[in-house]
Amino acid sequence: MLTSPVTDELLRALADPTRARIVELLAAEQLCVCHLVELTGATSSNLSNHLRVLRGVGAVEAEPAGRFTYYRLRPEVLEVVSAHYAGLASRARLALVVKRPCD
């Protein structure tokens with residue numbers, strides 16, 4: 001099972017420690033940038049850039065609320081990544097009995 005371009009983009013986006021932290025925080029509740037600044041210690045502009053990447057791969061959605069914009073995690077996107085790694089785990093179990101001969 002090869003990764004798809006969508007999965008590759010998701011994996012790259014989620015590999016960044018700040019974006020991974022944002023995803024963890026949004027798994028618990030919807031937050032705006034001001035909350036994320038407080039919880040991550042990143043600057044507002046830095047967080048905006050990270051959120052742009054996460055929106056670009058479809059991992060988060062934005063909802064305007066007056067002067068603020070709340071962000072929420074799209075769980076189905078994490079399910080795609082989870083399914084990818086579950087498939088790799090299944091292949092790894094089968095690989096325990098497969099050994100390529102050396103020349």
Side-chain angles (χ1 to χ4, degrees):
M1 174 170 82
L2 297 175
T3 59
S4 71
V6 171
T7 305
D8 286 344
E9 289 178 32
L10 280 170
L11 293 175
R12 275 193 296 278
L14 297 174
D16 180 88
T18 301
R19 289 194 286 268
R21 179 70 177 134
I22 292 168
V23 166
E24 288 177 19
L25 292 167
L26 293 178
E29 61 184 320
Q30 297 180 47
L31 298 167
C32 68
V33 172
C34 62
H35 299 126
L36 291 168
V37 165
E38 178 184 329
L39 294 166
T40 64
T43 65
S44 178
S45 62
N46 188 287
L47 280 168
S48 292
N49 287 330
H50 285 299
L51 288 164
R52 180 182 45 79
V53 171
L54 290 170
R55 282 192 322 267
V57 297
V60 299
E61 295 177 324
E63 180 182 333
R67 295 183 1 191
F68 302 100
T69 300
Y70 277 84
Y71 294 89
R72 67 177 159 263
L73 187 61
R74 295 185 62 230
E76 61 273 14
V77 172
L78 294 181
E79 290 165 352
V80 168
V81 174
S82 178
H84 169 71
Y85 281 111
L88 289 176
S90 294
R91 285 179 51 205
R93 281 187 203 89
L94 296 173
L96 293 173
V97 297
V98 177
K99 195 178 291 182
R100 183 182 292 199
C102 297
D103 293 330

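Quick note: residue numbers are just sequence positions, from 1. Because the structure is a prediction, the values reported are computed rather than measured.
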Chemist: May I have the step-by-step check of side-chain contact (heavy atoms from CB on, under 4.5 Å) for Val57 and Leu14, ending in yes or no?
Modeler: CA-CA 10 Å; Val57 297; Leu14 297 174; over 6 Å; no
Chemist: How would you list, by chain and number, every residue that makes a side chain to side chain donor-acceptor pair (under 3.5 Å) with Glu38, sequence neighbours excluded?
Modeler: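 Partners of Glu38 by the side chain to side chain donor-acceptor pair (under 3.5 Å) criterion come out as none, since no residue qualifies.
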Chemist: Could you state whether Leu31 and Val53 fall into the same hydrophobic cluster, counting links through intermediate Ile, Leu, Val, Met, Phe, Trp or Tyr residues with side-chain heavy atoms under 4.5 angstrom apart?
Modeler: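 No: no chain of side-chain contacts under 4.5 Å links Leu31 to Val53.
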Chemist: If you define the side chain from C-beta out and look only at heavy atoms, does anything of Leu10 sit under 4.5 Å from His84?
Modeler: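 No, their side chains stay 4.5 Å or more apart.
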Chemist: Please enumerate all residues that pass salt bridge (charged side-chain N to carboxylate O under 4.0 Å, His left out) together with Glu79, with sequence neighbours excluded.
Modeler: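 So Glu79 forms no salt bridge (charged side-chain N to carboxylate O under 4.0 Å, His left out) with any residue.
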Chemist: What are the two closest non-hydrogen atoms of Val33 and Ser48, and how far apart are they?
Modeler: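 Looking at all heavy atoms of both residues, the closest pair is CG2-OG, 4.5 Å.
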Chemist: I'd like to know if the side chain of Thr40 reaches the main chain of Leu36, judged simply by a donor and an acceptor atom lying under 3.5 Å from each other, with no hydrogens or angles considered.
Modeler: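 Present.
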Chemist: Between Arg12 and Glu9 (salt bridge meaning N to carboxylate O under 4.0 Å), is one present in this structure?
Modeler: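 No.
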Chemist: What are the two closest heavy atoms between Leu47 and Ala42, and how far apart are they?
Modeler: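 Scanning both residues, the minimum pair turns out to be CG-CB, 3.8 Å.
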Chemist: Knowing that exactly one of Leu26, Asn49, Val77, Val23 qualifies, which makes a side chain to side chain contact (heavy atoms under 4.5 Å, CB included) with Leu54?
Modeler: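 That would be Val23.
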Chemist: Report the residues that fulfil salt bridge (charged side-chain N to carboxylate O under 4.0 Å, His left out) with Arg74, sequence neighbours left out, ordered by chain and then residue number.
Modeler: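 Checked Arg74 against salt bridge (charged side-chain N to carboxylate O under 4.0 Å, His left out); matches are Glu61, Glu76.
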Chemist: Tell me the closest heavy-atom pair linking Thr18 and Asn46, and the distance in Å.
Modeler: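 Taking every non-hydrogen atom into account, CG2-OD1, 4.5 Å.
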Chemist: If you compare all heavy atoms of Cys32 against all heavy atoms of Tyr70, which two are closest, and at what distance to 0.1 Å?
Modeler: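 Residues Cys32 and Tyr70, closest heavy atoms: N-CD2, 3.9 Å.
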Chemist: Show the nearest heavy-atom pair for residues Ala62 and Arg55, with the distance to one decimal.
Modeler: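 Scanning both residues, the minimum pair turns out to be CB-CD, 4.1 Å.
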Chemist: Does one hydrophobic cluster hold both Ile22 and Phe68, with members joined at side-chain heavy-atom distances below 4.5 Å?
Modeler: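 No: no chain of side-chain contacts under 4.5 Å links Ile22 to Phe68.
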Chemist: When you look at Tyr71 and Leu25, which way does the side-chain contact (heavy atoms from CB on, under 4.5 Å) test go after all the steps?
Modeler: CA-CA 10 Å; Tyr71 294 89; Leu25 292 167; over 6 Å; no
